[in-house]
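Naming: A, B, ... by sequence-line order, numbering from 1 per chain.
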Amino acid sequence: MSGDGPTLYSRALLDLARAPRHTGKLAEPAQVARVDNALCGDRVTLHVRVKDGVLVSVAHQTRGCALCIASASVMAEAVMAESVETAERRAVSVVAELAPLCLELPVLTDPAMALFDGVRGMPGRRGCVALPWQALREVLGSTGG
Amino acid sequence: MWFGTLPLDDDAVGAVLVHTHRLSGRVLRKGVPLTSEAVQALLDDGHTAVPAARLEVGDVDEDAAAERVARALTGPGLQRSRALTGRCNLVASERGVVCVDRARVDALNRLGWEITLGTLPPDTLVEAGAVLATVKIIPLAVDEVQLRVCEAAAAEPTPMVRVAPLSPHSAALVLSAQPGSSVTRRDRTIETQGARLEGLGSSLSRVVECAHTPEAVASALQECLDAGHDPVLFLGASAVVDDRDVFPTALRAIGGTVMHVGMPVDPGNLMVLGCHGARSVLGVPGCARSLKPSGFDRVLRRVLAGLPVDGRFIQGLGVGGLLVESAGAAPAPRPRGGTLPNVSSDHRSTQAGAPLDLAALRAELPGLTRRVRGKPLAYLDFAATAQRPRVVLDALRRAHTELNANVHRGVHTVGAEATVAFEAARTRVAEFLGADRSEVVFTRGATESLNLAAQGIAATRLRPRSRILLTQQEHHANLVPWQLVAHPRGAHVEHIPLLPSGALDLETAHRQVRAGHLSVLGLPLISNVLGTRAPVEELAAAARKVGALVVVDAAQAVAHGPLDVHALGADVVAFSGHKLFGPTGIGVLWARSELLHAWPPWQGGGAMIERVSFDTTTYRSPPARFEAGTPPIAAAVGLHAALDWLEDVGWPAIQQREALVRERLLSLLGDIPSVVRLPGSPVVPLASFNLRGVHPHDVGTLLDEDGVAVRTGRHCTDPLHTHLGLDASVRASASFLTTELELERLAAGLRRVAEVFGVR
């Protein structure tokens, strides 16, 4: 009964959902942001520590579906050791690319998003993938850049 | 296979239980091999020996055996379901007419008691996905040799069971008339024959009217044949009663053959079977002027499916040919865990005992026929919104075309007709509710109805310290409107708690009702998540004693039967049209007349006023007072059509079918170990659950890949999910139109999700 096309739930995605990376909290000094998806109850709490304009530590606590958990892990991995400007630019761009309410998104440009290519055709699930990046945007916004 | 009483010693491991044992804390299912832990559990439970079977060399277990026989039977146009509990179903992969070789099916069943094959009656119309035959292995295992004999019998070159697809035909109808024949009757006859043919994938492409004489009929038949139509149908001003009557004479006169006059089927006796060359020319019996099932349907189905029909076939229809609706109507008890009867033979009837013609009914709902991700849609989200039958779509179209005018305004003809149609819908809704039409207000939906009620009651009843008592499972639509009116007035919103069983805690509820200052008791008649029915009558009686108003959210109840608002003891009832197969954008608020008269207007505008000046404005009486502006006219006409359609299908038959679907749904879910159902005993075919360890959205997305549509999330019941400690859940909501295959696809999809996520 499985779908004809490649399923969104690849082995790699399921492994990440089962054993997420960069989870937990950071001790002070760290910035924290929490975002919720009111529709399904998914929640991402993101801790970041910035030193000399660079993200030196990133940790997330994610409660939600496999997509959301895997996305949080991928996001944390992707922006670790990035400059705040680059990380924020990527967060804004990923969230913006996932935002349009159309049946098929043309492309997800951030290399970190390759794992989530399947959501391009699933309007109902893009919010799950976007949520950790929204948390990143929020936490960096709160650092004042 | 060894079968007997098995002592529970070391040798017991590997033997198979013959009965299911419910021990404290675990269930040992029949047919499952015993492990040493299971043996210990039985010993701990006080057993020393149990009835059991042991497979021996040469035994094939029931599922594998069922699968092998079914595989041998599977020819073109058929698929197999997964074998479970010794049963494997044959499923139609396309729409068509069931063909059964009766002699061979009998022969197979006579090979031994162990292996059985049951089929639908021959010539039943089935949709793609319908179960048309079922192989059931009676014992837990069968002998390999016996199985091979049976496979060989099943696999003879021509299929024993198959589906003959319907091919599209361009049919013609000759209507003969005598002076004084009714025009309306003629129009209806044409419409009916068109609908019958369309339901079978063909069309009525030509209608020729003529006088009721052999010459005129002959020339009309010739005209249709010359234009290439097949079949050509004839419906006479008077019925054919003799081989020498007008129609047989006319057919012979143009070189056709009369193969048989009459048929041992009632209704349908007065049919004439004829042909002209390779084409069918049929004298339609008078009873077939309506769509009521008759022997003609069976003949027409065979003709359109290219199956042979001759005089001998007609003469063989006598046994079972008396199609009295009540004949054999006693409902057959169905063991839990068996499959659903997907399609019945001919009947669409209001008799509770007569099953529905599911294939024909499903064909009336275009939304059920689409495909999703390359697969036929299995729509299991009826509780969110039902699909719409074609009659509702036609009514909407009519309202937007012929009847397109505003209501209650102006004097022109179309406006008057639109007004009549709109008000007729109000009367129809009132009848459905057992209420007076002056108490029926049209709104945008149940949500708007409840907001209107909350505001009306707030304006007339709520004071500081007033209490509004709702339930733990309340839908946001019957919760938030109350918060909006309560908070500014210093009133309180409280709720009746749930017991762990999922039922309302009635003991607490009665205490809460008597606790003083109760203004409103609000509750869902049927919970949209738990599927349970609230004891509205009992609580309403208690609430009335303390002077509180009872507001019933009937959104989830209306698709399952008419209401009697007075018997419920309700003061206010709300529902939406789209949950009972009507259009979106229309809802109903029913409230007792004195309440409606007491409530102030809630929206101002046209249609709700008597006289307007800049100083004073006076308002019309209810229900008009609450219908400012142009109302949902077309949607009201559509809702009327939906109510008629449901009544036409027949509420007793709908409810009977729903009970079967519900049992089957719960039974299939119960067989999946990782499924954890929410508490409560659903009274409708609906079940909410979680797959242990998998987020509902992941479940929903993977099911969607399989073409199965379920709802995931919190279903507008945050307080219920919080109470149950759940972030979200999955809800499968079926209807009387749901097929066995759709439910099996849900179960198979859930098993796949469990496999993908590695849960058991």
Using side chain to side chain contact (heavy atoms under 4.5 Å, CB included) as the criterion, list what pairs up with A:Ser10, not counting sequence neighbours. A:Ala12, A:Leu13, A:Leu115
If you count the non-hydrogen atoms of other residues, nucleotides and ligands that lie under 6.0 Å from CZ in A:Arg18, is the total more than 12? yes
Charged N-O contact under 4.0 Å between A:Arg125 and B:Asp704: no
Comparing B:Asp718, B:Asp698, B:Val699 against chain A, the one with the most heavy-atom pairs below 4.5 Å turns out to be B:Asp698
Checking an interface table here. Which of residues 56-68 of chain A come within a heavy-atom distance under 4.5 Å of chain B? A:Arg63, A:Gly64, A:Cys65, A:Ala66, A:Leu67
Report the C-alpha separation of B:His695 and A:Asp42 in whole Å, then their side-chain angles, then the decisive distance to 0.1 Å, and conclude whether the side chain to side chain contact (heavy atoms under 4.5 Å, CB included) test is met. CA-CA 10 Å; B:His695 193 283; A:Asp42 285 4; 3.1 Å; yes
Residue-level contacts of residues 97-104 of chain A with chain B, using a heavy-atom cutoff under 4.5 Å: none
Is it true that atom CZ of A:Arg21 has more than 12 heavy atoms of other residues, nucleotides or ligands lying nearer than 6.0 Å? no
Closest heavy-atom pair, A:Gly121 versus B:Arg373, reported as atoms and distance to 0.1 Å, is O-NH2, 3.5 Å
Tell me, please, which residues at least two apart from B:Asp381 pass side chain to side chain contact (heavy atoms under 4.5 Å, CB included). B:Tyr379, B:Ala384, B:Arg711, B:Arg731, B:Ser733
